[in-house]
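Chain letters run A, B, ... following the sequence lines, proteins first, then strands; residues in each count from 1.
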Protein chains: 2
Amino acid sequence: MQQRSEETRLKILESAVKLFSSRGFNAASVDDICADAGISKGAFYHHFKSKQELFLALLDGWLQTIDNAIEASKDMTVPETFMQITEAFPYIFETANEGLPMFLEFWLQASRDEKIWQASVKPYRRYHKYFTDLIKKGVDEGSFVEVDPELTSRMIISTAMGLLLQSLMDPKGAKWEKVARDSTTMLVNGMLKK
Amino acid sequence: MQQRSEETRLKILESAVKLFSSRGFNAASVDDICADAGISKGAFYHHFKSKQELFLALLDGWLQTIDNAIEASKDMTVPETFMQITEAFPYIFETANEGLPMFLEFWLQASRDEKIWQASVKPYRRYHKYFTDLIKKGVDEGSFVEVDPELTSRMIISTAMGLLLQSLMDPKGAKWEKVARDSTTMLVNGMLKK
DNA sequence: GAAATAAAACCGACTGGTCGGTTTGTTTTT
DNA sequence: AAAAACAAACCGACCAGTCGGTTTTATTTC
């Protein structure tokens, strides 16, 4: 039974998310994570080659989540998909708000490494491809006016990223959830054929 | 004459910008900065209380730059101002691209400190106020349709921040300058009364 | 205006502590 | 018993900040 082994791995992953998001990637040391997971450093380095590799493993998990969400919305119409995304906003916003700081911190200091850069950029590119395809489909279906899918995708992602950053910088500066909803609505309305 | 003193201070500031932007805030050590500036650690700590205080001094300088730019555009009409901003885009984009990573890195790890958070959030709030006022003025003047200045300002900043982040993450993923230009044009066109 | 004094600027070795990662040894699993 | 999983002590590099002392600059005194 390697069940115990798998459990240890999961415990490490859980503690890592918890500490990375609460303290930041650098501030949360390997020792901290081990302590929180209730295991030793030896166990940690048995499961992960390095702190960075641990983070990459977390990234993989998120990528999986993205792919699942994309897969789940495969059979909807384009406007329906956008509706669903808008509805899921509070959850997405919260999750992203938790994950963005640690991702940024990690990325800012590690992105000079080619391999790590590749891994970090992957989720972003996947999102971009997803939105581009979605908008293209919407245009082809005739539910959207003729927009440039590439550009529009970038703009949607900009809005999301930018709002996320703003809400992080100045959490009490606005009712961010409402701002996010209004922005999305405006963007989608601008595309919808009437 | 404390001219020499002032020169040293400036040398530190210069080296700091250079190293913070090329290596990142954490990776650039105080020793590195001293070496680059050609001064000793003692001189450094004579001029700045800490590495953080040094960064806050840099922030102050940028804030000044923002204020000057705002001041300079005081007598233009609103559409003229937007035109000018759009034209200055390449320069703004480049500068921001250089400064954003170090700012983010600093902010991510230091923002738990109330004083530092205050200082960091200041430039952002100033921009937001600037755009809000500008749009309000545009609406009052009658050159813009009735939009919500608060929301629109957030959206403009989102777009800028988001594009900046995207261009940092995936520099070769698109012609970012063009994307930025197109996005701005779209946003402004959406507001202009025809 | 030259010597004496005070003050500011500057130097660089050193400290205390952190942290990622390694090594060596022990327990559990199969 | 061999291999995988885990524990615990340990290593070495790094780095922000300190401190005693030196040099330069400004001010006062005679």
Legend entry - Heavy-atom closest contact (B/Ala57 atom, B/Leu13 atom, distance): CB-CD1, 4.4 Å
Legend entry - Protein-nucleotide distance (B/Arg9, atom CZ; C/dA8, atom C1'), rounded to Å: 15 Å
Legend entry - Rounded interatomic separation in angstrom, taking CG from A/Leu54 and P from C/dC19: 16 Å
Legend entry - Most 5' of B/Lys51 and B/Gly42 on DNA chain D, judged by nearest nucleotide: B/Lys51
Inset, instruction - Flag this pair as yes if the NZ/CZ of A/Lys51 is under 6.0 angstrom from the six-membered ring centre of A/Phe25 and inside a 45 degree cone about the axis; otherwise no. - result: yes
Legend entry - Rounded interatomic separation in angstrom, taking CG from B/Leu19 and C1' from D/dC15: 15 Å
Legend entry - Protein-nucleotide distance (A/Asp31, atom CG; C/dT22, atom P), rounded to Å: 14 Å
Legend entry - Test item: B/Thr65 side-chain N/O and B/Gly61 main-chain N/O as donor-acceptor pair under 3.5 Å: yes
Inset, instruction - Indicate whether OP1 or OP2 belonging to C/dA8 is found under 4.0 Å from a side-chain N or O atom of B/His47. - result: no
Inset, instruction - Between D/dG17, C/dC10, C/dC19, spot the one nearest the side chain of A/Ser29, thanks. - result: C/dC19
Legend entry - Contact list for DNA chain C against residues 32-41 of chain B - heavy-atom distance below 4.0 Å: B/Ile39, B/Ser40, B/Lys41
Legend entry - Distance test, side-chain N/O of A/Thr8 to OP1/OP2 of D/dA5, below 4.0 Å: no
Inset, instruction - From the options C/dG20, C/dA9, D/dA16, select the nucleotide whose nearest atom is closest to the side chain of B/Tyr45. - result: D/dA16
Legend entry - Proximal nucleotide (of D/dC6, C/dG21, D/dA16) relative to the B/Val30 side chain: D/dA16
Legend entry - Sequence neighbours excluded - side-chain hydrogen bond (donor to acceptor under 3.5 Å, both in side chains) pairs with any residue from residues 33-44 of chain B: B/Ser15-B/Asp36, B/Lys18-B/Asp36, B/Asp31-B/Lys41
Legend entry - B/Gln109 side-chain N/O to A/Ala27 backbone N/O, donor-acceptor pair under 3.5 Å: no
Legend entry - Charged N-O contact under 4.0 Å between B/Glu14 and B/Lys11: no
Inset, instruction - For B/Asn26 and D/dG17, give me the distance from atom CG to atom C1', rounded to whole Å. - result: 16 Å
Inset, instruction - Using the closest heavy atom to pick a nucleotide of DNA chain C for each, name whichever of A/Lys49 or A/Ala27 lands nearer the 5' end. - result: A/Ala27
Inset, instruction - For C/dC10, take OP1 and OP2 only and decide whether either is under 4.0 Å from a side-chain N or O of B/His46. - result: no
Inset, instruction - Measure from the side-chain N and O atoms of B/Trp117 to the backbone N and O of B/Trp107, and report whether any donor-acceptor pair falls under 3.5 Å. - result: no
